[in-house]
Protein chains: 2
Amino acid sequence: MLQNPENCAVVRTVGYIGNKWKPIILVRLLNGGKVRFGKLCVQMADISRKILSQQLKELEEDGLIIRHTYMEKPPRVEYELSELGKTLIPVLKAMYDWGNHIAPPEQRGTWDPIVR
Amino acid sequence: MLQNPENCAVVRTVGYIGNKWKPIILVRLLNGGKVRFGKLCVQMADISRKILSQQLKELEEDGLIIRHTYMEKPPRVEYELSELGKTLIPVLKAMYDWGNHIAPPEQRGTWDPIVR
DNA sequence: AATAGTGGTAACCTATTGGTAACTAACAAA
DNA sequence: TTTGTTAGTTACCAATAGGTTACCACTATT
């Protein structure tokens with residue numbers, strides 16, 4: 001609660017998604033079903049493969065996403081929001097709305113994810 | 001918008017508050033008016049004075065908080081949410097709610113800031 | 001035979017974050 | 001006279017985050 005800073009719920013949330021990449025990765029997974037590693041890589045041009053796979057691993061360990069591996073050659077790996085991950089949607093939406101709110105009008109977008 | 005990752009509103013938001021300390025500092029400023037540096041320091045036991053003053057400076061540069069200095073000895077400095085900072089309340093509340101939602105029941109709190 | 005495609009990992013490097021201790025100025029209290 | 005007080009800053013160092021490049025395994029294609 002607000003009166004007990006050392007045990008604040010915001011601290012807990014920050015522990016899960018309080019860094020540069022995780023909210024952005026999660027938003028990429030809102031647009032429906034499973035997304036391949038390579039597609040994420042292309043969509044997020046600024047992130048390196050190493051950091052992306054590292055962040056995906058942490059998100060999976062934290063139970064926010066699910067990793068599907070297919071025993072094919074060349075390999076195929078897909079990522080998907082977990083049920084717990086979906087509970088973050090209000091947080092991601094609030095972040096999206098605020099970013100939109102402070103953006104110059106010509107850079108504004110709309111929130112229309114497929115996952116609800 | 002979700003279709004233009006390189007220009008996503010979430011990226012913008014993360015640029016302002018996507019780190020370990022800023023959301024936590026901002027939440028400390030929701031409980032009404034101006035708060036002294038020393039009080040913030042005590043409330044957030046885990047942050048060092050150096051990092052706290054650094055983060056406060058960035059928040060001020062980004063226009064999210066206002067810094068009031070009084071020409072007294074010993075010095076007095078107080079921090080306050082700006083109007084722009086107050087527009088972040090829905091984001092902070094969503095983060096708070098999610099952290100609360102995943103917390104064990106005995107660690108849950110209530111959201112009752114004085115600033116609205 | 002060489003190349004492309006996939007989802008990584010390893011080695012290496014830089015940049016940012018964070019921590020500690022010492023120092024400042026000016027006044028008040030002991 | 002010494003100490004305490006406040007909100008820092010500076011110097012120095014360690015730890016973490018993030019980035020770059022190269023490489024792998026295996027198959028299909030050229």
Side-chain angles (χ1 to χ4, degrees), chain A residues 5-6 8 10-11 13-29 33-62 64-81, chain B residues 5-6 8 10-26 28-29 33-62 64-81:
Chain A
E6 64 284 351
C8 176
V10 174
V11 176
T13 304
V14 166
Y16 281 80
I17 58 161
N19 79 355
K20 183 178 173 182
W21 293 116
K22 286 178 184 170
I24 303 172
I25 293 172
L26 292 172
V27 165
R28 293 292 126 224
L29 297 179
K34 302 168 186 161
V35 182
R36 294 188 68 161
F37 180 84
K39 195 177 169 193
L40 282 173
C41 232
V42 171
Q43 283 189 341
M44 306 175 58
D46 290 346
I47 195 173
S48 69
R49 312 165 69 68
K50 188 189 105 177
I51 299 298
L52 178 56
S53 79
Q54 195 179 89
Q55 299 288 313
L56 287 166
K57 187 185 289 180
E58 290 179 16
L59 287 170
E60 194 207 0
E61 286 168 359
D62 284 342
L64 298 178
I65 66 175
I66 300 169
R67 184 174 185 267
H68 303 272
T69 21
Y70 303 88
M71 289 307 160
E72 305 172 356
K73 299 289 169 166
R76 179 155 65 103
V77 180
E78 296 180 336
Y79 295 91
E80 187 186 17
L81 270 191
Chain B
E6 64 285 352
C8 175
V10 174
V11 175
R12 190 172 281 110
T13 304
V14 166
Y16 281 80
I17 58 163
N19 79 355
K20 183 177 174 184
W21 292 116
K22 287 177 183 171
I24 303 172
I25 292 172
L26 292 171
R28 293 293 126 224
L29 297 179
K34 301 168 187 161
V35 182
R36 294 189 67 163
F37 180 83
K39 195 178 168 194
L40 282 174
C41 232
V42 171
Q43 285 189 341
M44 306 177 56
D46 290 346
I47 196 173
S48 70
R49 311 168 69 69
K50 190 185 102 177
I51 298 299
L52 178 56
S53 80
Q54 197 178 85
Q55 299 288 314
L56 287 167
K57 186 185 287 179
E58 290 180 15
L59 287 170
E60 195 208 359
E61 285 169 0
D62 284 341
L64 299 178
I65 65 176
I66 299 167
R67 183 174 185 268
H68 304 272
T69 19
Y70 303 88
M71 290 305 160
E72 305 174 356
K73 298 290 167 171
R76 179 156 65 102
V77 180
E78 296 179 335
Y79 296 91
E80 186 185 18
L81 270 190

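In what follows, chains carry the letters A, B, and so on, assigned in the order in which the sequence lines appear, proteins first and then strands, with residues in each chain numbered from 1.
For the side chain to side chain donor-acceptor pair (under 3.5 Å) test, residues two or more places apart in sequence or in another chain that qualify with A/Glu72 are A/Arg76.
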Show the atom names and distances, to 0.1 Å, of all donor-acceptor pairs under 3.5 Å that link a side chain in residues 15-26 of chain A to residues at least two apart or in another chain.
unit_1	atom_1	unit_2	atom_2	d
A/Asn19	OD1	A/Trp21	N	3.1
A/Asn19	OD1	A/Lys22	N	2.9
A/Asn19	ND2	A/Gln55	OE1	2.8
A/Lys22	NZ	A/Glu58	OE1	2.7

Encode nucleotides 16-24 of chain D as B, S and - characters from 5' to 3', where the letter depends on protein heavy atoms closer than 4.0 Å: B to the base, S only to sugar-phosphate, - to neither. --BBB----
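For the pair B/Lys57 NZ and D/dA7 P, the interatomic distance rounds to 16 Å; values are reported in whole Å. Atom CE of B/Met44 is separated from atom P of C/dG18 by 10 Å (rounded to the nearest Å). The distance from atom CD of A/Glu72 to atom C1' of C/dG8 is 16 Å, rounded to the nearest whole Å.
Screening residues 44-54 of chain B for side-chain hydrogen bond (donor to acceptor under 3.5 Å, both in side chains), with sequence neighbours left out, gives no hits.
Listed pair A/Arg36 / C/dT6 fails the phosphate criterion, with no side-chain N or O lying under 4.0 Å from OP1 or OP2. Residue B/Ser53 has a polar side-chain atom (N or O) positioned under 4.0 Å from OP1 or OP2 of D/dT9. OP1 or OP2 of C/dG8 has at least one side-chain nitrogen or oxygen of A/Arg67 nearer than 4.0 Å.
Rotation axes derived from the C1' atoms of the five outermost pairs at either end of the helix from C/dA1-D/dT30 to C/dA30-D/dT1 lie 20° apart, to the nearest 10°.
Counting any heavy atom pair closer than 4.0 Å across all strands shown, A/Tyr70 reaches no nucleic acid atom.
For the pair A/Val77/A/Leu56, no side-chain contact is recorded, criterion being any heavy-atom separation below 4.5 Å from C-beta on. Counting only heavy atoms from C-beta outward, the side chains of B/His68 and B/Ile66 approach each other to under 4.5 Å. The side-chain heavy atoms of A/Tyr79 and A/Arg28, taken from C-beta on, include no pair separated by under 4.5 Å.
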Could I get a table of every N or O pair under 3.5 Å where one atom is in the protein and the other is in nucleotides 23-30 of chain C?
none

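Here the NZ atom belonging to A/Lys34 is positioned 13.5 Å from the NZ atom belonging to A/Lys39, to the nearest 0.5 angstrom. Put simply, NZ on A/Lys57 and CG on A/Leu59 are 12.5 Å apart, with the number rounded to the nearest 0.5 Å.
Across all their heavy atoms, B/Leu40 and B/Leu52 have their closest contact at CB-CD2, 4.0 Å.
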